[in-house]
S.K.: 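Okay, here's the structure, questions in a sec.
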Number of protein chains: 2
Amino acid sequence: MNISPKVPIPTLERLATYLRYLIDLEASSIDTISSTEVEKQTGINAAQFRKDLSYFGEFGKPGVGYNVVELQSRIARILQIDRDQSVIVLGAGNLGSALVGYPGLGEQHFNIVGVFDQSPKKIGQKIFHIEISDIARLKEINASLQARIAIIAVPAHAAQSVAESAADAGVRALLNFAPIILKVAEGVVVRNVSFLQELAVMSYQLALDIRR
Amino acid sequence: MNISPKVPIPTLERLATYLRYLIDLEASSIDTISSTEVEKQTGINAAQFRKDLSYFGEFGKPGVGYNVVELQSRIARILQIDRDQSVIVLGAGNLGSALVGYPGLGEQHFNIVGVFDQSPKKIGQKIFHIEISDIARLKEINASLQARIAIIAVPAHAAQSVAESAADAGVRALLNFAPIILKVAEGVVVRNVSFLQELAVMSYQLALDIRR
DNA sequence: TAGATTGTTAATCGATTAACAATC
DNA sequence: TAGATTGTTAATCGATTAACAATC
């Protein structure tokens with residue numbers, strides 16, 4: 001298959017997992033792996049692994065396996081992690097600030113080029129060498145930053161309006177940390193990071209455990 | 001159906017969403033809603049909503065709908081969010097500290113009762129009124145804290161070993177922020193918060209958009 | 001009562017996994 | 001060549017959605 005039709009989201013998520021795993025393998029100087037080995041080490045079914053890759057072409061050699069470095073760079077290219085991408089952070093509270101300082105982002109070529117907040121106390125201050133800008137000037141400032149990805153780290157009550165400003169400022173993808181369902185225009189991608197939800201799920205599972 | 005067999009994870013995740021939505025409704029002094037109304041406002045299919053609830057019993061009145069306050073409190077009880085739960089945070093870096101200060105946790109009755117780190121510089125210091133303890137003393141200290149939920153906010157290379165210490169200290173549920181697949185013993189629940197993965201997915205979707 | 005909406009069964013859809021011919 | 005492992009098709013599994021009798 002040459003050009004990917006619709007790739008399932010779970011496949012894309014696993015692709016990111018494979019990539020991390022391959023980077024570890026490379027660090028351990030392993031240069032070839034089989035899908036069976038992937039299953040043993042990640043717990044992801046071998047057929048699943050092969051199927052996931054099949055959406056994007058052929059990556060392995062029958063009887064041999066996959067070249068670690070090659071597979072790594074091809075997955076990185078598929079996910080666009082082989083090139084720098086500009087990201088802005090909306091909200092300079094505890095969470096927003098922590099994200100600005102998170103080294104993993106840069107490692108994956110997500111470069112934070114701007115941080116915005118509404119509070120006059122924060123505007124003009126710096127976090128990790130990036131100056132906080134007035135969120136009211138988002139559109140104007142992003143006209144030059146040209147970030148297409150924004151991380152929303154404002155309180156729930158402000159999130160919807162911030163999302164709209166972002167879309168208006170040319171942002172096409174929102175990573176939303178606020179516990180709220182965002183309504184966005186066609187063509188804007190949203191992914192939610194809902195750790196409260198995750199805690200709630202665990203909370204239920206924990207209780208189940210006790211009941212039996 | 002009286003006692004729930006196996007409830008799908010997506011159902012549990014949506015339950016947490018419904019709960020947030022119902023709290024908003026209550027604040028707007030709305031006391032009854034129909035599944036159709038839920039669909040309009042959250043985008044979640046009405047049949048899905050009814051099916052999700054059906055795993056736990058009967059909640060509505062045919063021809064009328066659901067009582068907001070009652071549904072809210074019943075979902076809270078299902079998810080165990082109606083009572084306080086002790087949580088410890090492992091790792092007092094930027095992310096860990098931000099989580100300790102995150103007000104949403106307390107609002108959902110997740111009370112942070114301890115913060116742990118390995119760095120001698122941090123041990124003994126306070127973040128938001130909680131003193132940072134030595135992670136080497138986790139088992140000893142959690143013997144009295146009795147937290148069964150831990151949030152892992154340490155760097156990837158330390159996460160596996162921290163997870164093992166936590167399990168050894170009696171923790172039964174791990175909310176993992178480190179970009180790594182944790183291997184845990186039977187009976188320990190893990191949920192991952194992988195915003196790097198979410199960014200990667202968005203990055204792919206963004207590129208797709210351009211190609212067409 | 002007539003209209004609205006539930007809870008649940010059945011149909012549909014999509015994702016995961018098993019099986020295997022092709023191939024190194 | 002014989003053994004190993006891929007890529008892909010087919011079978012299975014599970015979740016979502018539509019349809020509708022029961023009921024307020």
S.K.: What I want to find out is whether B/Arg74 reaches B/Glu58 closely enough, with some N-O distance under 4.0 Å, to be called a salt bridge.
M.R.: no
S.K.: Which residues pass the ring-ring contact (aromatic ring centres under 6.0 Å, His included) test with A/Phe110, not counting sequence neighbours?
M.R.: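 With neighbours one apart ignored, the set is empty.
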S.K.: Salt bridge (charged side-chain N to carboxylate O under 4.0 Å, His left out) with A/Asp82: which residues, sequence neighbours excluded?
M.R.: none
S.K.: Please list, in numerical order, the residues of residues 30-38 of chain B that have a heavy atom closer than 4.0 Å to any atom of DNA chain C.
M.R.: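 The answer is B/Ser34, B/Ser35.
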S.K.: Take atom CG of A/Leu71 and atom P of D/dT5, then tell me their distance rounded to the nearest Å.
M.R.: 16 Å
S.K.: Are A/Leu206 and B/Gln80 side-chain neighbours, meaning at least one heavy-atom pair lies under 4.5 Å?
M.R.: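 Counting from C-beta outward, A/Leu206 and B/Gln80 never come under 4.5 Å.
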S.K.: Could I get the full list of side-chain hydrogen bond (donor to acceptor under 3.5 Å, both in side chains) partners for B/Ser97, not counting sequence neighbours?
M.R.: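 B/Ser97: no side-chain hydrogen bond (donor to acceptor under 3.5 Å, both in side chains) contacts found.
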S.K.: In chain order, what residues pass the salt bridge (charged side-chain N to carboxylate O under 4.0 Å, His left out) check against B/Lys40, with sequence neighbours excluded?
M.R.: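 Only B/Glu37 meet the salt bridge (charged side-chain N to carboxylate O under 4.0 Å, His left out) criterion with B/Lys40.
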S.K.: Write out the stems for DNA chain C, ordered by first number and formatted as range with range, counting runs of at least 3 consecutive Watson-Crick or G-U wobble pairs under 3.5 Å.
M.R.: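 So the stems come out as C:3-24 with D:3-24.
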S.K.: For residues 25-34 of chain A, pull every pair meeting side-chain hydrogen bond (donor to acceptor under 3.5 Å, both in side chains), keeping only residues two or more places apart or in separate chains.
M.R.: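 Listed once each, the pairs are A/Glu26-A/Gln72.
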S.K.: Rounded off to whole Å, could you give me the CG-to-P distance for the B/Asn67 and C/dT5 pair?
M.R.: 15 Å
S.K.: Between B/Phe59 (CZ) and C/dT8 (P), how many Å, whole number?
M.R.: 11 Å
S.K.: Any protein N or O atoms within reach of nucleotides 15-19 of chain C? Criterion: under 3.5 Å, listing atom names and distances.
M.R.:
from, atom 1, to, atom 2, distance (Å)
C/dT16, OP1, A/Arg14, NH1, 3.1
C/dT16, OP2, A/Arg14, NH2, 2.9
C/dT16, OP2, A/Gln48, OE1, 3.3
C/dT16, O5', A/Gln48, NE2, 3.3
C/dT17, OP2, A/Gln48, NE2, 3.4
C/dA19, N6, A/Arg50, NH2, 3.1

S.K.: Among all residues two or more places apart in sequence or in another chain, which pass the ring-ring contact (aromatic ring centres under 6.0 Å, His included) test with B/Tyr21?
M.R.: none
S.K.: Any side-chain heavy atom of B/Val184 within less than 4.5 Å of one from B/Val189?
M.R.: no
S.K.: Sequence neighbours excluded, which residues qualify as ring-ring contact (aromatic ring centres under 6.0 Å, His included) partners of A/Phe177?
M.R.: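 For A/Phe177, the residues satisfying ring-ring contact (aromatic ring centres under 6.0 Å, His included) (neighbours in sequence not counted) are B/Phe195.
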S.K.: Honestly, is B/Arg14 close enough over B/Phe49, meaning NZ or CZ under 6.0 Å from the six-membered ring centre and within 45° of the axis?
M.R.: no
S.K.: Pick out the pairs of N or O atoms, protein on one side and nucleotides 1-4 of chain D on the other, that lie under 3.5 Å.
M.R.:
none

S.K.: For C/dC24, take OP1 and OP2 only and decide whether either is under 4.0 Å from a side-chain N or O of A/Tyr66.
M.R.: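 Answer is no, no contact under 4.0 Å.
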S.K.: Any chance you could lay out the side-chain hydrogen bond (donor to acceptor under 3.5 Å, both in side chains) test for A/Gln146 and A/Ser86, step after step, and finish with the verdict?
M.R.: CA-CA 7 Å; A/Gln146 290 281 333; A/Ser86 296; over 6 Å; no
S.K.: Applying side-chain hydrogen bond (donor to acceptor under 3.5 Å, both in side chains) as the test, list every pair that has at least one member in residues 174-189 of chain B; sequence neighbours left out.
M.R.: B/Asn176-B/Asn192
